[in-house]
Amino acid sequence: MVKKIGLILGSLRQDSNSQKIADSLKELFPADVELTQIEISDLPLYNPDYDEEGGQLPESYTRYRNQVKEQDGLIFIVAEYNRGLTAALKNAVDVASRPLGDGAMGGKPALIASHSTGNVSGFGVNHQLRQSLVFLDIPVLAKPESYLAQAHTLFGEDNKLNNEGTKNFLQTVVNTYLTFANRFVD
Ligand SMILES: Cc1cc2nc3c(=O)[nH]c(=O)nc-3n(C[C@H](O)[C@H](O)[C@H](O)COP(=O)(O)O)c2cc1C
(Lines give C-alpha, C1' and ligand atoms only; values in the text may rest on other atoms or scores of the structure.)
Protein backbone atom coordinates (compact mmCIF):
# COMPACT_ATOMS: atom_id res chain seq x y z
CA MET A 1 0.00 0.00 0.00
CA VAL A 2 1.11 3.55 -0.74
CA LYS A 3 2.06 5.26 2.53
CA LYS A 4 4.37 8.08 1.48
CA ILE A 5 3.77 10.50 -1.36
CA GLY A 6 6.06 13.31 -2.40
CA LEU A 7 4.69 16.55 -3.81
CA ILE A 8 6.86 18.42 -6.27
CA LEU A 9 5.79 21.89 -7.36
CA GLY A 10 7.03 23.43 -10.58
CA SER A 11 6.62 26.98 -9.32
CA LEU A 12 9.03 28.76 -6.97
CA ARG A 13 6.71 31.73 -6.47
CA GLN A 14 5.40 32.72 -3.05
CA ASP A 15 1.61 32.72 -3.00
CA SER A 16 1.57 30.45 -6.06
CA ASN A 17 -1.52 28.70 -7.32
CA SER A 18 0.59 25.53 -7.31
CA GLN A 19 0.96 25.83 -3.53
CA LYS A 20 -2.75 26.39 -3.05
CA ILE A 21 -3.54 23.33 -5.17
CA ALA A 22 -0.97 21.30 -3.21
CA ASP A 23 -2.49 22.37 0.10
CA SER A 24 -5.97 21.48 -1.17
CA LEU A 25 -4.83 18.05 -2.37
CA LYS A 26 -3.28 17.29 1.03
CA GLU A 27 -6.72 17.54 2.61
CA LEU A 28 -8.20 15.02 0.17
CA PHE A 29 -5.90 12.11 1.08
CA PRO A 30 -6.70 9.54 3.77
CA ALA A 31 -5.02 10.27 7.11
CA ASP A 32 -2.73 7.23 6.85
CA VAL A 33 -1.01 8.57 3.73
CA GLU A 34 1.91 10.88 4.54
CA LEU A 35 2.39 13.74 2.09
CA THR A 36 5.74 15.50 1.95
CA GLN A 37 6.43 18.56 -0.13
CA ILE A 38 9.89 18.19 -1.62
CA GLU A 39 11.84 21.43 -2.05
CA ILE A 40 13.46 22.01 -5.43
CA SER A 41 14.31 25.71 -5.21
CA ASP A 42 17.76 25.11 -3.71
CA LEU A 43 19.02 22.69 -6.37
CA PRO A 44 21.89 24.17 -8.41
CA LEU A 45 21.53 23.70 -12.16
CA TYR A 46 22.43 20.14 -13.00
CA ASN A 47 25.98 19.56 -14.13
CA PRO A 48 27.10 15.93 -14.60
CA ASP A 49 30.51 16.86 -13.17
CA TYR A 50 28.91 16.87 -9.72
CA ASP A 51 28.32 13.13 -10.04
CA GLU A 52 31.80 12.31 -11.31
CA GLU A 53 34.32 10.75 -8.94
CA GLY A 54 35.88 13.61 -6.95
CA GLY A 55 33.01 15.95 -7.88
CA GLN A 56 31.57 18.31 -5.29
CA LEU A 57 28.02 17.01 -4.90
CA PRO A 58 25.78 19.81 -3.57
CA GLU A 59 24.23 18.96 -0.19
CA SER A 60 20.82 19.86 -1.57
CA TYR A 61 21.18 17.12 -4.21
CA THR A 62 21.73 14.48 -1.52
CA ARG A 63 18.83 15.77 0.57
CA TYR A 64 16.52 15.94 -2.46
CA ARG A 65 17.47 12.57 -3.94
CA ASN A 66 17.07 10.82 -0.58
CA GLN A 67 13.68 12.45 -0.03
CA VAL A 68 12.47 11.36 -3.47
CA LYS A 69 13.74 7.81 -2.95
CA GLU A 70 11.82 7.53 0.35
CA GLN A 71 8.48 8.08 -1.39
CA ASP A 72 6.12 5.39 -2.67
CA GLY A 73 4.63 7.78 -5.23
CA LEU A 74 5.02 11.29 -6.62
CA ILE A 75 2.61 14.10 -7.44
CA PHE A 76 3.73 16.90 -9.73
CA ILE A 77 1.76 20.13 -9.55
CA VAL A 78 2.80 22.15 -12.50
CA ALA A 79 2.29 25.53 -14.07
CA GLU A 80 3.35 26.10 -17.63
CA TYR A 81 6.09 28.50 -18.70
CA ASN A 82 6.14 29.24 -22.42
CA ARG A 83 4.19 26.07 -23.22
CA GLY A 84 6.67 23.88 -21.37
CA LEU A 85 8.24 22.99 -18.02
CA THR A 86 9.50 25.66 -15.67
CA ALA A 87 13.28 25.61 -15.56
CA ALA A 88 13.16 24.68 -11.86
CA LEU A 89 11.09 21.58 -12.52
CA LYS A 90 13.15 20.39 -15.49
CA ASN A 91 16.24 20.81 -13.34
CA ALA A 92 14.63 18.79 -10.54
CA VAL A 93 13.79 15.97 -12.96
CA ASP A 94 17.35 16.00 -14.32
CA VAL A 95 18.90 15.94 -10.82
CA ALA A 96 16.68 12.99 -9.83
CA SER A 97 17.58 11.11 -13.01
CA ARG A 98 21.28 10.75 -12.14
CA PRO A 99 23.66 9.13 -11.30
CA LEU A 100 22.91 6.83 -14.21
CA GLY A 101 21.45 3.54 -12.96
CA ASP A 102 20.70 4.98 -9.54
CA GLY A 103 18.03 7.56 -10.37
CA ALA A 104 15.71 8.57 -7.53
CA MET A 105 12.35 8.57 -9.33
CA GLY A 106 12.32 5.46 -11.51
CA GLY A 107 9.32 3.14 -11.06
CA LYS A 108 7.40 5.42 -8.69
CA PRO A 109 3.77 5.86 -9.76
CA ALA A 110 3.08 9.51 -10.53
CA LEU A 111 0.25 11.96 -10.95
CA ILE A 112 0.56 15.16 -12.95
CA ALA A 113 -1.80 18.02 -12.10
CA SER A 114 -1.35 21.02 -14.34
CA HIS A 115 -3.00 24.41 -14.16
CA SER A 116 -2.95 27.87 -15.63
CA THR A 117 -4.57 31.24 -15.14
CA GLY A 118 -5.99 30.98 -18.67
CA ASN A 119 -8.07 28.26 -20.26
CA VAL A 120 -5.39 25.96 -21.68
CA SER A 121 -4.74 24.55 -18.17
CA GLY A 122 -1.08 23.77 -18.68
CA PHE A 123 -1.75 21.15 -21.35
CA GLY A 124 1.71 21.74 -22.84
CA VAL A 125 3.64 21.27 -19.61
CA ASN A 126 1.46 18.32 -18.59
CA HIS A 127 2.46 16.35 -21.67
CA GLN A 128 6.03 17.59 -21.80
CA LEU A 129 6.56 16.35 -18.24
CA ARG A 130 4.83 13.05 -19.13
CA GLN A 131 7.37 12.62 -21.93
CA SER A 132 10.33 12.93 -19.53
CA LEU A 133 8.71 10.69 -16.91
CA VAL A 134 8.10 7.93 -19.46
CA PHE A 135 11.80 8.04 -20.32
CA LEU A 136 12.57 7.62 -16.60
CA ASP A 137 10.32 4.53 -16.42
CA ILE A 138 7.75 6.29 -14.25
CA PRO A 139 4.16 5.11 -14.67
CA VAL A 140 1.89 8.16 -14.90
CA LEU A 141 -1.86 8.05 -14.24
CA ALA A 142 -3.61 8.36 -17.61
CA LYS A 143 -7.17 9.20 -16.56
CA PRO A 144 -8.65 11.33 -15.25
CA GLU A 145 -6.35 13.90 -16.75
CA SER A 146 -5.96 16.70 -14.24
CA TYR A 147 -6.16 20.15 -15.80
CA LEU A 148 -7.26 23.19 -13.83
CA ALA A 149 -8.15 26.28 -15.86
CA GLN A 150 -8.44 29.78 -14.38
CA ALA A 151 -6.65 28.48 -11.30
CA HIS A 152 -6.51 31.90 -9.62
CA THR A 153 -10.32 31.93 -9.42
CA LEU A 154 -10.61 28.59 -7.60
CA PHE A 155 -9.65 29.79 -4.11
CA GLY A 156 -11.25 31.95 -1.46
CA GLU A 157 -9.48 34.48 0.76
CA ASP A 158 -8.61 31.59 3.10
CA ASN A 159 -6.73 30.02 0.15
CA LYS A 160 -9.08 27.03 0.23
CA LEU A 161 -11.05 25.72 -2.74
CA ASN A 162 -14.15 27.88 -3.13
CA ASN A 163 -16.39 25.47 -5.04
CA GLU A 164 -17.62 21.92 -4.61
CA GLY A 165 -17.21 21.03 -8.29
CA THR A 166 -13.43 21.42 -8.26
CA LYS A 167 -13.19 19.75 -4.86
CA ASN A 168 -15.18 16.74 -6.07
CA PHE A 169 -13.09 16.53 -9.23
CA LEU A 170 -9.84 16.58 -7.27
CA GLN A 171 -11.20 13.97 -4.85
CA THR A 172 -11.88 11.69 -7.83
CA VAL A 173 -8.35 12.33 -9.10
CA VAL A 174 -6.87 11.48 -5.69
CA ASN A 175 -8.94 8.31 -5.27
CA THR A 176 -8.13 7.10 -8.76
CA TYR A 177 -4.46 7.88 -8.32
CA LEU A 178 -4.30 5.91 -5.05
CA THR A 179 -5.89 2.86 -6.67
CA PHE A 180 -3.46 3.18 -9.58
CA ALA A 181 -0.40 3.70 -7.35
CA ASN A 182 -1.27 0.72 -5.16
CA ARG A 183 -0.79 -1.52 -8.18
CA PHE A 184 2.91 -0.69 -8.09
CA VAL A 185 3.55 -0.83 -4.32
CA ASP A 186 3.41 -3.92 -2.07
C1 LIG B 1 7.79 33.12 -17.70
C2 LIG B 1 6.32 32.78 -17.72
C3 LIG B 1 5.81 32.09 -18.79
C4 LIG B 1 4.46 31.71 -18.79
N5 LIG B 1 3.99 30.97 -19.83
C6 LIG B 1 2.72 30.49 -19.80
C7 LIG B 1 2.26 29.58 -20.79
O8 LIG B 1 2.95 29.19 -21.70
N9 LIG B 1 1.00 29.10 -20.67
C10 LIG B 1 0.17 29.48 -19.64
O11 LIG B 1 -0.98 29.02 -19.57
N12 LIG B 1 0.59 30.34 -18.67
C13 LIG B 1 1.84 30.84 -18.73
N14 LIG B 1 2.30 31.66 -17.74
C15 LIG B 1 1.39 32.02 -16.65
C16 LIG B 1 1.54 31.05 -15.50
O17 LIG B 1 1.14 29.74 -15.83
C18 LIG B 1 0.74 31.55 -14.29
O19 LIG B 1 1.33 32.76 -13.86
C20 LIG B 1 0.66 30.57 -13.17
O21 LIG B 1 -0.19 31.07 -12.18
C22 LIG B 1 2.02 30.28 -12.56
O23 LIG B 1 1.88 29.29 -11.60
P24 LIG B 1 1.96 29.60 -10.03
O25 LIG B 1 0.79 30.46 -9.68
O26 LIG B 1 1.90 28.24 -9.41
O27 LIG B 1 3.26 30.30 -9.79
C28 LIG B 1 3.62 32.07 -17.71
C29 LIG B 1 4.17 32.79 -16.64
C30 LIG B 1 5.48 33.13 -16.62
C31 LIG B 1 6.07 33.87 -15.44
Side-chain angles (χ1 to χ4, degrees), residues 5-29 33-47 60 63-64 67-68 71 73-97 104-105 108-136 138 140-174 176-177:
I5 294 178
L7 292 164
I8 297 178
L9 278 54
S11 172
L12 305 184
R13 195 170 72 86
Q14 275 191 350
D15 198 34
S16 71
N17 295 322
S18 301
Q19 187 64 62
K20 292 173 194 168
I21 293 166
D23 292 341
S24 303
L25 281 180
K26 287 175 195 165
E27 294 184 11
L28 301 175
F29 275 85
V33 177
E34 185 187 339
L35 288 134
T36 304
Q37 195 164 316
I38 300 176
E39 189 60 49
I40 65 168
S41 65
D42 57 346
L43 302 173
L45 282 181
Y46 186 64
N47 179 338
S60 59
R63 186 270 311 154
Y64 166 73
Q67 258 186 317
V68 171
Q71 309 305 318
L74 297 168
I75 296 179
F76 295 87
I77 300 170
V78 294
E80 182 172 275
Y81 278 6
N82 302 309
R83 291 284 181 262
L85 271 74
T86 62
L89 180 60
K90 182 59 166 63
N91 187 48
V93 171
D94 291 345
V95 173
S97 72
M105 287 182 178
K108 296 185 190 297
L111 168 70
I112 300 172
S114 64
H115 64 89
S116 72
T117 46
N119 290 325
V120 183
S121 318
F123 178 87
V125 64
N126 193 309
H127 287 267
Q128 198 181 61
L129 178 58
R130 212 168 276 262
Q131 182 176 318
S132 289
L133 298 188
V134 167
F135 182 65
L136 295 178
I138 295 170
V140 183
L141 180 70
K143 292 251 178 179
E145 296 172 280
S146 183
Y147 304 116
L148 293 176
Q150 308 273 341
H152 59 297
T153 67
L154 300 177
F155 302 93
E157 283 185 8
D158 56 0
N159 288 337
K160 291 186 183 297
L161 287 170
N162 62 11
N163 73 88
E164 285 302 303
T166 306
K167 199 170 171 180
N168 291 342
F169 170 68
L170 289 178
Q171 187 68 70
T172 301
V173 170
V174 164
T176 311
Y177 169 67

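Order of appearance sets the numbers: ligands from 1, and atoms from 1 within every ligand.
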Say whether Gln37 and Gln19, considering side chains only, have a donor N or O and an acceptor N or O under 3.5 Å apart.
-> yes
Would you check ligand 1 and list the protein residues that come within less than 4.0 Å of it by any heavy atom, ordered by chain and number?
-> Ser11, Arg13, Ser16, Asn17, Ser18, Ala79, Glu80, Tyr81, Asn82, Arg83, His115, Ser116, Thr117
Identify, with sequence neighbours excluded, every residue that meets salt bridge (Lys or Arg N to Asp or Glu O under 4.0 Å) alongside Asp15.
-> Lys20
Heavy atoms, side chains only, cut-off 4.5 Å: are Leu154 and His115 in contact?
-> no
Side chains of Ser60 and Asp42, donor plus acceptor under 3.5 Å | no
Can you find a side-chain donor-acceptor pair between Lys90 and Gln128 that sits under 3.5 Å?
-> no
With under 30° as parallel and over 60° as perpendicular, where do the rings of Tyr147 and Phe123 fit, or are they tilted in between?
-> tilted
